[in-house]
Amino acid sequence: MFEKSTWIKLPRNVLVGHGVIEDLGAAVGELYLTGRPLIVTSPTPNEIAGDRVRAQFDDPATAVVEEASFDSVEKLIERAEAVDPGYLIALGGGKPIDTAKMAADHLDVGFVSAPTVASHDGIVSGRSSIPEGDTRHSVAADPPLAVVADTEFLANAPWRLTTAGCADIISNYTAVKDWRLARRLRNVEYSEYAGALSEMTAELLVENADMIRPGLEESSWVVVKALVSSGVAMSIAGSSRPASGAEHLISHQLDRTAPGKALHGHQVGVASILTEYLHSGENGEWRAIRDALDSLDAPTTAAELGIDDAELIHAFTHAHEIRDRYTILQGGISEEAAIEVATSTGVIER
């Protein structure tokens with residue numbers, strides 16, 4: 001007999017394609033949301049798309065977010081309380097989307113995600129990633145009611161942001177392996193469906209890596225499809241487990257010891273090469289991960305991340321201290337073993 005019920009929250013509408021930003025108003029209309037919209041954006045997306053979005057609504061308010069932080073969330077909540085919106089529309093990248101997601105959760109109103117860059121799966125997931133000092137917090141919140149992703153904007157976004165999004169998805173490979181390991185050794189609750197969906201998104205990008213190129217809307221469509229699927233997997237699981245394992249712990253440790261040197265997606269991509277080697281050894285899939293990242297112009301080494309070897313090894317050996325989540329790094333890895341893995345995979349030079 002099942003003693004627990006599960007409430008899975010997913011977006012009701014997902015629109016992806018050329019020019020769909022013009023359908024944002026119609027998509028919101030299908031949600032039967034009432035009240036004034038508050039458009040949460042950042043300077044660049046506000047400049048390139050803000051007017052096109054505002055033109056679709058009556059009496060919209062706008063809040064421009066300069067950075068993702070808990071202070072920004074508080075300021076956005078204050079702005080929202082002043083204009084009394086019925087719902088929020090997040091237009092842009094991670095900064096406005098993560099900030100709006102947390103504010104909407106606090107205000108108990110819905111929000112719609114309109115990404116202009118495909119840099120991470122936060123565009124559809126039920127979690128916000130908010131930096132604070134030398135660390136980064138993953139905070140639970142409701143996923144968006146709808147996602148409207150215009151491939152025209154996504155294809156023209158900085159290529160490094162797109163490759164970071166791709167690398168973030170590819171790291172799902174090792175995240176799911178950690179999740180299964182936790183189920184076997186610690187009886188952690190596991191969802192076969194969420195795990196399979198997350199793996200499928202990683203495989204989609206690995207298999208299509210050589211076809212994903214800058215400036216191509218077809219490429220943006222593939223990347224957004226993978227990001228949406230990854231976010232849905234987390235919603236089904238009710239946690240970030242399908243997309244966050246030891247590779248994310250390494251990245252979080254890098255955020256502490258080498259802040260601002262590399263993008264999150266790029267860090268977890270390189271870290272997934274290391275953790276895949278730990279899971280499967282010399283004959284595992286780490287080469288496929290590395291080759292896919294390389295094909296996408298994403299970093300595959302510490303040097304390409306802009307960090308030195310010592311910083312990478314420190315993050316590798318101290319990643320298990322970040323949070324109480326069972327992974328392949330449970331209990332830590334010795335410095336000697338970390339160096340051996342990193343040199344064997346080419347992440348650092350011998």
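Remember, it's a predicted structure, so these values are computed and weren't measured experimentally. Hydrogens, waters and symmetry mates play no part in the numbers below; they use all other heavy atoms, side chains included.
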Does [X] use its side chain to pair, donor to acceptor, with the backbone of [Y] at less than 3.5 Å?
X: Thr99; Y: Pro96; answer: no
X: Gln56; Y: Leu24; answer: yes
X: Ser119; Y: Leu161; answer: no
X: Arg54; Y: Pro60; answer: no
X: Thr275; Y: Ala271; answer: yes
X: Thr41; Y: Leu91; answer: yes
X: Thr163; Y: Arg160; answer: yes
X: Thr257; Y: Gln253; answer: yes
X: Trp221; Y: Glu217; answer: no
X: Ser72; Y: Glu67; answer: yes

message: Could you see if Leu181 belongs to whatever hydrophobic cluster contains Tyr277? Use Ile, Leu, Val, Met, Phe, Trp, Tyr and a side-chain cutoff under 4.5 Å.
response: yes

field: Shared hydrophobic cluster for Val148 and Leu33 (ILVMFWY, side-chain gaps under 4.5 Å)
entry: yes

message: Quick one about Thr174 and Glu247 (side-chain donor to acceptor, distance below 3.5 Å, no hydrogens or angles considered), yes or no?
response: yes

- prompt: Is the closest side-chain donor-acceptor distance between Glu340 and Ser344 under 3.5 Å?
  reply: yes

How long is the span from the [atom1] atom in [X] to the [atom2] atom in [Y], to the nearest 0.5 Å?
X: Ile48; Y: Asp51; atom1: CD1; atom2: CG; value: 11.5 Å
X: Leu185; Y: Thr327; atom1: CG; atom2: OG1; value: 11.0 Å
X: Glu304; Y: His266; atom1: CD; atom2: NE2; value: 10.0 Å
X: Ile39; Y: Asn46; atom1: CD1; atom2: CG; value: 8.5 Å
X: Trp179; Y: Tyr190; atom1: CH2; atom2: OH; value: 6.0 Å
X: Leu293; Y: Ile170; atom1: CG; atom2: CD1; value: 4.5 Å

field: Residues Glu218, Arg213: salt bridge by 4.0 Å N-O rule
entry: no

- request: Run the salt-bridge test on Lys101 and Asp105 with the 4.0 Å N-O cut-off and return the result as yes or no.
  value: no

Whether His318 and His320 hold their rings parallel, tilted or perpendicular, with breakpoints at 30° and 60°: parallel

query: Asp71 and Lys75: salt bridge (charged side-chain N to carboxylate O under 4.0 Å, His left out), yes or no, with the steps?
result: CA-CA 6 Å; Asp71 184 56; Lys75 289 179 180 177; 3.3 Å; yes

message: Apply salt bridge (charged side-chain N to carboxylate O under 4.0 Å, His left out) to residues Lys261 and Glu311 and explain how you reach the verdict.
response: CA-CA 11 Å; Lys261 291 190 176 182; Glu311 289 171 328; 2.9 Å; yes

message: Applying salt bridge (charged side-chain N to carboxylate O under 4.0 Å, His left out) to Glu321 and Arg256, what does each step give before you reach the verdict?
response: CA-CA 12 Å; Glu321 301 170 0; Arg256 291 183 173 184; 5.8 Å; no

- request: Determine the minimum heavy-atom distance between Ala103 and Leu88, stating which atoms define it.
  value: CB-CD1, 4.2 Å

- request: Considering non-hydrogen atoms only, spot the tightest contact between Leu329 and Ala319 and give its length.
  value: CD1-CB, 3.9 Å

message: For a 4.5 angstrom cut-off between non-hydrogen side-chain atoms, does Ile236 reach Leu197?
response: yes

- line: Exactly one candidate in Glu276, Glu285, His279 meets side-chain hydrogen bond (donor to acceptor under 3.5 Å, both in side chains) with Lys177; the answer is Glu276

task: Report the residue from Ser198, Ser244, Ser272 that forms a side-chain hydrogen bond (donor to acceptor under 3.5 Å, both in side chains) with Asn172.
output: Ser198

